[in-house]
Amino acid sequence: MAASFSSSLRSCSVLLAAGALLSGCAGMSETVAPAFADPGKYELYDCKQLETERKALANRTADLQKLMDKAQTGAGGAVVSELAYRNDYIAARGQAQLADEAWRRNRCRETPPGPTPPAAPPSSAAAAKPASKSGKAIR
């Protein structure tokens, strides 16, 4: 009886310690994020390349955030979220910070959105009279 109590106490303490460690990681992502990225990666990028990379990193970060939020809705979701997505999220945030720094250093500007192409006019074949439903040709 004493052995089962000590093993359950031990497993509870392990879970509490793991929870404390994981909760501590959540607050340090802002300062640790650049450590997960290569600081020289964007040195030779021009503004067009940086613009594309920044958009891709913003999309990746948003996708990972959605996955983390979704994972946290289930049982044990906080642990799953931390183990499955947190490192990728921190790395993407670090890359985004470095890309933003290179963007500012190069004094880049957003490309204005291009004009939307005009809607295609309906084709003359679509405007033609539809065939008979009976399958017989009209004479």
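Computed over heavy atoms, backbone and side chain alike; hydrogens, waters and symmetry mates excluded. For this chain, numbers begin at 1 and follow the sequence in order.
Between R54 and E110, at least one side-chain nitrogen of the basic residue sits less than 4.0 Å from a carboxylate oxygen of the acidic one, meeting the salt-bridge criterion. Salt bridge R109/E51: absent, no basic N to carboxylate O contact under 4.0 Å.
Residue D100 holds its CG atom at 11.0 Å from CZ of R105, rounded to the nearest 0.5 Å. Taking OG1 of T61 as the reference point, atom CD of Q95 lies at 8.5 Å (rounded to 0.5 Å). Atom OG of S81 sits about 7.5 Å away from atom CG of D69, to the nearest 0.5 Å. Separation of atoms CG (N87) and CD (E82) is listed at 9.0 Å; rounding is to 0.5 Å. Interatomic distance, OH of Y89 versus CE of M68, reported as 6.5 Å (0.5 Å rounding).
With hydrogens and angles ignored, the 3.5 Å screen pairs a side-chain donor or acceptor of T52 with a backbone N or O of K48.
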| query | Could you go step by step and tell me if R86 and L64 meet the side-chain contact (heavy atoms from CB on, under 4.5 Å) rule? | reply | CA-CA 8 Å; R86 179 60 91 185; L64 287 167; over 6 Å; no
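With contacts defined as side-chain heavy-atom distances shorter than 4.5 Å, the pair K41/L98 does not qualify.
Y85 and A71 get closest at one heavy-atom pair: CE1-CB, 4.2 Å. L50 and A99 get closest at one heavy-atom pair: CD2-O, 4.0 Å. Nearest heavy atom pair, residue A92 against residue L57, reads O-CD2, 4.1 Å.
Listed by chain and residue number, nothing satisfies the side-chain hydrogen bond (donor to acceptor under 3.5 Å, both in side chains) test with Q49 (two or more places apart in sequence, or in another chain).
The disulfide (SG to SG under 2.5 Å) analysis of residues 63-101, with sequence neighbours excluded, yields no pairs.
Using modelled atom types, one finds a donor on one side chain and an acceptor on the other under 3.5 Å when comparing Y42 with E53.
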